[in-house]
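Values reported hereafter were calculated over all heavy atoms of this structure, with side chains retained and with hydrogens, waters and symmetry mates removed. Order of the sequence lines fixes the chain letters, A, B, ..., with proteins taken first and strands second; residue numbering starts at 1 for each chain.
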2 protein chains.
Amino acid sequence: MHSLALIDLTADTPCCPPLAERRVPADTAAVLALAFKALGDPVRLQLLSMIASAEGGEACVCDLTPAFDLTGPTISHHLKALREAGLVDAERRGTWVYYRARLAILRQLAALLTVEPTHAG
Amino acid sequence: MHSLALIDLTADTPCCPPLAERRVPADTAAVLALAFKALGDPVRLQLLSMIASAEGGEACVCDLTPAFDLTGPTISHHLKALREAGLVDAERRGTWVYYRARLAILRQLAALLTVEPTHAG
DNA sequence: CCTCTAGGTTGACATCTATCTAATCAGTGT
DNA sequence: ACACTGATTAGATAGATGTCAACCTAGAGG
């Protein structure tokens, strides 16, 4: 859809040096911002956390939905946003759908925000 | 303004364990999502990067603005968003205003996204 | 084939957001 | 006091976003 081909956040090798090391180029910023935007909602942040911290590294939608005071479609909408941001993968097994976090991307984002422990911020 | 008092992202001690370690509570997610939302825009991501990677750890608005194809007020708007998210500090010196990244918060966010390098994601 | 359940899709609506122009505020210097 | 420059604020507007009700799709199991 959008130019995710330019920067591959899925790769195991770091896509970009830390944000504080050198200026993030516009192309890169556009891709990275999509990921952060997906994290920029309390529901999605909790969803991702529930998925990433779940037993076996995966969570069923049937377990995620009742954890919120929201309707099914709304949860589904947020999960789609996480999927399209590349933060999670979905797999259908029978009636249920299981979500799994894409750890490589989380690492990329963490690395981007990492700063030297030199001077207190 | 909003309940930043509940969770202090400015503290040097980690506010929260990694997202993948245990589920982020709703209160915490609400605060953290504000920070990620601020990062969820390409312009703001570049601004923060320019500020954090600048010589001396600070950047003048007068240097930031011409780097974008946007008007002054728009840049000012984004800088305000970064300020209110607690990601940067502003200081006026004479005619100019200098911005500085809040490294402690960046570390908090990086720590939150950090995952064990165990299984490839 | 029918029905039941788990999820996802569509369409609508209220709210929020990114951007601009115009106006305002803060400092410098004449 | 006045004019000039840097930066923020205010108001307006087009577009994006979160939410829901209603509907549709995919499997499981009679």
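- Y99(A) comes within 4.0 angstrom of sugar-phosphate atoms only, judged by non-hydrogen atoms across all strands, and of no base.
- At a threshold of 4.0 angstrom between heavy atoms, the contacts of G94(B) are confined to the sugar-phosphate backbone, with no base atom among them.
- The separation between H78(A) atom NE2 and dG7(C) atom P is 17 Å, rounded to whole Å.
- Comparing dG6(D), dT8(D), dC20(D) by their closest approach to the side chain of T71(A) singles out dC20(D).
- A straight line from NE2 of H77(B) to P of dA10(D) spans 14 Å, rounded to a whole angstrom.
- The distance between atom NZ of K80(A) and atom P of dT19(D), rounded to the nearest whole Å, is 16 Å.
- Between the side chain of T65(A) and the backbone N or O of V61(A) there is at least one donor-acceptor pair closer than 3.5 Å.
- Taking a cutoff of 4.0 Å between a charged side-chain nitrogen and a carboxylate oxygen, K37(B) and D41(A) do not qualify as a salt bridge.
- Remark: R107(B) does not engage E116(A) in a salt bridge, criterion side-chain N to carboxylate O under 4.0 Å.
- Going from atom CG of D41(A) over to atom P of dA16(D) covers 18 Å, rounded to whole Å.
- Per the geometry, CH2 belonging to W96(B) stands 8 Å off P belonging to dT28(C), to the nearest Å.
- Which of dA21(D), dT8(D), dA28(D) sits closest to the side chain of L79(B) comes down to dT8(D).
- Between the C1' atom of dT19(D) and the CZ atom of R44(A) lies a distance of 12 Å, rounded to the nearest Å.
- Nearer the 5' end of DNA chain D, as judged by each residue's closest nucleotide, is the contact made by G72(A), out of T95(A) and G72(A).
- Side chain of R83(B), nearest nucleotide from dT9(D), dC20(D), dT19(D): dT9(D).
- Put simply, CG on D63(A) is 15 Å from C1' on dT5(C), counting in whole angstrom units.
- In this structure, R44(B) and F36(A) have side chains that are not in contact, with every pair of non-hydrogen atoms separated by 4.5 Å or more.
- L70(A) comes within 4.0 angstrom of sugar-phosphate atoms only, judged by non-hydrogen atoms across all strands, and of no base.
- Between K37(A) and dT17(C) there is no side-chain N or O to OP1 or OP2 distance below 4.0 Å.
- Salt bridge present: D89(A) and R102(A) bring a charged side-chain N and a carboxylate O closer than 4.0 Å.
- Within the 4.0 Å cut-off from OP1 or OP2 of dG8(C), at least one side-chain nitrogen or oxygen of S76(A) is found.
- With rounding to whole Å, D69(B) atom CG is found 17 Å from dA18(C) atom P.
- Nearest-nucleotide assignment on DNA chain C puts the 5′-proximal partner with R92(A), out of P73(A) and R92(A).
- Within the nucleic acid shown, R93(B) has no heavy atom closer than 4.0 Å to any nucleic acid atom.
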